[in-house]
Each structure stands twice: as structure tokens, then as C-alpha cells.
Amino acid sequence: MGKAWGFGLASNGNKFNYLRLLKLQKHHITCLRSQRKPFSWSFICGFMLFALGLISLFTGHVASDLEWYSQRLIKRSLYTKWGRSPRGPIDIWKSKYSIFYYGCSNRGPHFASAVRERFSNGYLLIAASGGLNQQRTGITDAVVVARILNATLVVPELDHHSFWKDDSDFKDIFDVDWFISSLAKDVTIVKRVPDKFMRSLEKPPYTMRMPRKSTPEDYLDQVLPILLRRHVVQLTKFDYRLANDLDVELQKLRCRVNYHALRFIKPIRELGARLVTSMHKMAKRFIAVHLRFEPDMLAFSGCYYGGGDKERNELAEIRKRWTTLPDLTGEERKQGKCPLSPHEVGLMLRALGFKNDTYLYVASGEIYGGEETLQPLKDLFPNFYTKEILAGEELNPFLPFSSRLAAIDYIVCDESDVFVTNNNGNMAKIVAGRRRYMGHKRTIKPNAKKLSALFLSRHQMDWNTFTKKVKACQRDFMGEPEEMKPGRGDFHEFPSSCICKRPFSSQPNNASRDDDNDLEVAILSGHRSDTGGNNPQRFDNKTTSKLPAASALIEVDDDLFPD
């Protein structure tokens, strides 16, 4: 129509009106186009996820499927645009980026030397609480608190009355002389308050308990005035009594204590080294699994695994030991608050790609359900070993002491090629943090919330689909360096202030594995990878025989782990 109009106007010689009409027509079309609101990719993706959620109400698919389906629907370029880092196939045994990261916890040039005993503000007595690794966090924080208060720290006392009822003292587990000497530049530590000083006191040491996650300012306001007045203060139930977020220099002090100063006594180190050597003689690489499927753990977390009234009654009776636990909702497993069963741990590992000839070291106490509960895991991984199997009679001197047994498990888990946690407890955090500090050795933490939902529907899918969904669930739970963000989670698990990065342009040559003798010497000395170097860049049912073999790489399709 516009062309017809233009022809008629031009034929009358009115070229001015013709050009003006064309201009108005173009402006009208532009206005119409501008009124159309373009659809954003975020709107489209959000709509698709909303639709999938509605579909799940009718199809029975669980929430763990949503990420898997959404990754298939969204183009890989969008992940890059939204800031997701590129990823290729994942080596299930070792991160290819781990060589660029190392632990660094050296004292800064402006970190003052320790105050001498006679010039300090007084003596600080610490009573640690809980099991071995919970007490380890308390000891680590005790050193930092002594530093904050300019106090002389007395070697901490260990808990003899907790659930574990271990009467071991500090000297029975840790090398006291090494502990004192290695921290001499940071804090003055003594084995006991001098008798002459104690006799001069008019009153016994003042005892108090600080709230959990107290800040340095809290200690200066509440403890220091009493310490200056009474000269000796005892802090009881000392576990997680210091804030997670501290000044960088204090965080590095935490690392020097935890990863360097707390060295086990020689008999524990010797037996741990022999177990590690035994595992490596049988297999080039092995996995250590901290099952944490003991009755107390299940009772504390309020978990249910299908054992009927017998299971409910047994665990409810154990749960009575704690008077402050919240009421159970019946949704604990769906909320990711429960460890996976041994069978589920085995299925997860097989789905990730570990073959059934992989060697497993299982760190655990008494398993709820005993051998019947463990058998499915053994069927999935016949090369199944524990400290009891490997050590035999050598373990007898340690059997009455739960903390010393836990120390042996700690050593083997730390030295394993892959460490698998199964809950968010103290040992899981402590070992995971140490492995990050020691070069980001592969540490797998089950994404319990998504995996628990997936396991409920595993019989509704074939094995290939199940493996793909497990791999999707485990994204960002494989111990890759990029998973550690400054300020994320508990510092003992994510010691970001003590992790340094080498420039990617200066990639070091891959070091070959030390032979068994070198490895044993390293464990015995307590110096394995303890570089503490300068930081150029700080970074704030039984299906065994039916399962297919898998390669060492997670062979994932591009939609699951985008390049």
C-alpha cells in the first residue's frame, strides 16, 4: 500500500510529501517493534524449571533430576555467560588443577613474637571437649585465644567423660615437646603452671565457659580482665568457642597449629605408616571411606533407613542421651542431614566410575546393623580393608582407647589417594581441610540431599541414567580447588586463608609417587608436604556383579559437565 501511495504522489510531482510519508511510515514501524519486550534467557530457563517442577508432581520424578534435565535444556554457552567455569572430563583420582595450589601459613613480617612467660598476662588452662577431632579444633583455637590474650598457654586437657570415654591425656596422643617447640615463636606454651606460682595464689583458678563462636573482642572484654586479676583462668567445654572468621594472620596461626604442630606420638605414626604402606603394596591407588554409620551418629541425626520398629526403638533409646536435640520431622534424609548407608556409598562410587577391583580402606567404629549392613558395600568392592584387618595383633595396645584408634584412621585417610566423607562431622571437616592444605588431594563429599532423593527412585531408571544423575548431583562435591571459596563453611574444612596459588603459566612437572620407604619416613616425621611457603597469591540391595566396569575418567556427556 505504501508503494502505491508513493507512486501516486510522485506522479503528481509532490516529492516532498512522498519523502515525508515514507519517513512517518518507517517511524511507525520502529515504534511498533520497540513496544515488543524481548524474552530474557533467565525468564525462559526459569519457566522451564517451573514446568519441570509441575511435571514432577505427576510423574514421580524427584528433585534431584531437575538439575540433570535443566543442563540438557540449556546451551553450554549460557553456563559460560553466567560465570560457570569450563570443565572437561574429570579424573576421579586426582584433580588436574591441584598442582597449582599449595598450603602456605608462614608468619607475616609484622606478626610479633610470642610474649615470654614472665611478661604474659597470666596462664590459660583449656579443657577440650568431645572426641579426637572435636578436641583437635579446641586445641587449635586455644592457641589462637592465648595469642589474643597475650597469655601463657598450659598444654590442654583432653575430655575423659564424653560419649567415647577415653582417658588418654594429651601426651598419649600428641607429641608434646614438638607442639611446644614448633609454636614457640607464636605462643608461649608450658606443660603445667609452676608449683611455686600456684601456691602463691589466694584463690583457685577461675573457671568459666565462653559461648560458641565468640569473637576476639569477646575474649578481650570478658576473659582478659579476669585473667589480669586472677592470673590463672580455665576455659571449659572448649570446642568451637572461637569465631570462624578471623584476621588473616590468626587464621594462618590456626593452620600452623592444626597442620604442623599437632603431630601424633611415634607409636601411632609408626602403625599408621605401616597401614598406608600395606595398602599401597596391594594397589597403586586406594580410597579411604569414613563411613560414620555408627548407632550414635544415626540416633543423633534422627535418621531412618527402613529397619522398621526395631530400628526406630533402638535409635530412639540412644537418642535419649542428648536432652537438647530438636524433635524429629521424618524428613531428615530428604533434607540431607543423614549419612548415606554403606550400600549407597558403594553405589555412588561405582556410578562415579570406580571399578570393583578398587581397594577400599574403611575408617569406622561399630557399624549399625553389623556385617549385614556392610555386606552390600563389600559386594561392590571386594578389596575391603580396615585397620583391624591390616594391623592384626599390632592393634591390641590401642583397642581400649577410641581417640588413638581414631588417630590411626586419620593418618590412613589423610594419605589415601581419594578420601570419601559420609557426613559433615568433625573428622570429615578436619581431614578434608588438611587435604586441601596439602595440595587439594581428591576429596569426595556426597551431596546428601540430592543423592538421598535419587536413591529413593533408583529402581525406576537403568544404570546408565543413574550414573549420569549421580555425576550431575556430585558437581562441585569432588574436591576441586575452585569449590573452596573464601569465607565459605567452617574454616577447618575450607582453610582459604592458608591456600596459595601458583601462576598457571608456571606449571610444575608432575611428581612421581614416593616409594614406600620415603612415604613411611614422611609420615613418621610429620613433615609430609608441610611447605608452609610464601604466598604469591592468597586464595581468600546387591548389584555388584551386574554393574559395568568404568574408566578412571568420569566419561560425562557435554550437557552434564559443560566444556
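Atoms considered below: every heavy atom in the structure, side chains included; atoms not considered: hydrogens, waters and symmetry mates.
- Tested against S416, the residues R435, R442, M279, H280 include a single side chain to side chain contact (heavy atoms under 4.5 Å, CB included) partner, R435.
- Between L224 and the options N150, L149, V233, a side chain to side chain contact (heavy atoms under 4.5 Å, CB included) holds for only L149.
- Aromatic pair Y437/Y101: centroids not less than 6.0 angstrom apart.
- One side chain, E332 or T329, offers a donor N or O that lies under 3.5 Å from an acceptor on the other.
- For the side chain to side chain contact (heavy atoms under 4.5 Å, CB included) with T421, the qualifying choice from M427, K445, H290 is K445, the only one to do so.
- Distance alone, capped at 3.5 Å, is enough to place a donor-acceptor pair between the E483 side chain and the G479 backbone.
- For the pair L158/D169, no side-chain contact is recorded, criterion being any heavy-atom separation below 4.5 Å from C-beta on.
- Cation-pi geometry between K378 and F384 is met: under 6.0 angstrom from the ring centre, within 45 degrees of the axis.
- Taking the six-membered ring where tryptophan is involved, the planes of W322 and F300 are perpendicular, since the angle between them exceeds 60° and thus also 30°.
- Contact check on R241 versus D239 returns a salt bridge, with a Lys/Arg side-chain nitrogen under 4.0 Å from an Asp/Glu carboxylate oxygen.
- Judged by distance alone, with hydrogens and angles left aside, the side-chain atoms of T137 form a donor-acceptor pair with the main-chain N or O of Q134 at under 3.5 Å.
- The closest side-chain donor-acceptor pair between E311 and Y368, if any, does not fall under 3.5 angstrom.
- Here R107 pairs with D186 in a salt bridge; the nearest charged N to carboxylate O distance falls below 4.0 Å.
- Between the side chains of T152 and E117, no donor N or O sits under 3.5 Å from an acceptor N or O.
- In this structure, H492 and Y240 approach most closely via the heavy-atom pair CD2-CE2, 4.3 Å.
- A cation-pi arrangement, defined by a distance under 6.0 Å to the six-membered ring centre and an angle within 45 degrees of its axis, is absent between R263 and F174.
- Taking the six-membered ring for Trp and thresholds of 30 and 60 degrees, Y361 and F286 have ring planes more than 60 degrees apart, a perpendicular arrangement.
- The backbone N or O of T215 sits less than 3.5 Å from a side-chain atom of D218, completing a donor-acceptor pair.
- The structure places CG of N424 at 5.5 Å from CD of E493, a figure rounded to the nearest 0.5 Å.
- Looking at R434 and N258, their side chains never bring a donor and an acceptor atom within 3.5 Å of each other.
- In this structure, K237 contributes its side chain and G130 its backbone to no donor-acceptor pair below 3.5 Å.
- Ionic pairing of R333 and E331 is not present here: no N-O contact between side-chain nitrogen and carboxylate oxygen is shorter than 4.0 angstrom.
- Of the inter-residue distances, the one linking L291 atom CG with L340 atom CG reads 10.0 Å to the nearest 0.5 angstrom.
- SG atoms of C104 and C498 are separated by 2.5 angstrom or more, inconsistent with a disulfide link.
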* Chi angles and distances behind the ring pair (Phe, Tyr, Trp, His ring centres under 6.0 Å) call for F179, F170 -> CA-CA 10 Å; F179 177 71; F170 190 101; 5.1 Å; yes

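- In summary, the aromatic rings of F264 and Y410 are positioned with their centroids under 6.0 Å apart.
- In summary, E249 and K252 do not engage in a salt bridge, as defined by a charged side-chain N under 4.0 Å from a carboxylate O.
- No side-chain donor-acceptor contact under 3.5 Å links D141 to the backbone of G138.
- No side-chain donor-acceptor contact under 3.5 Å links R285 to the backbone of D417.
- Side-chain contact of R256 with S105: a donor-acceptor pair under 3.5 Å is absent, judged by distance alone.
- Rounding to the nearest 0.5 Å places NZ of K94 at 14.5 Å from CD1 of I92.
- Side-chain contact, R116 with T188: no donor N or O sits under 3.5 Å from an acceptor N or O.
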* Asked: Is there a side chain to side chain donor-acceptor pair (under 3.5 Å) between S168 and R404 once you walk through the steps?
  -> CA-CA 8 Å; S168 298; R404 301 182 210 184; 2.9 Å; yes

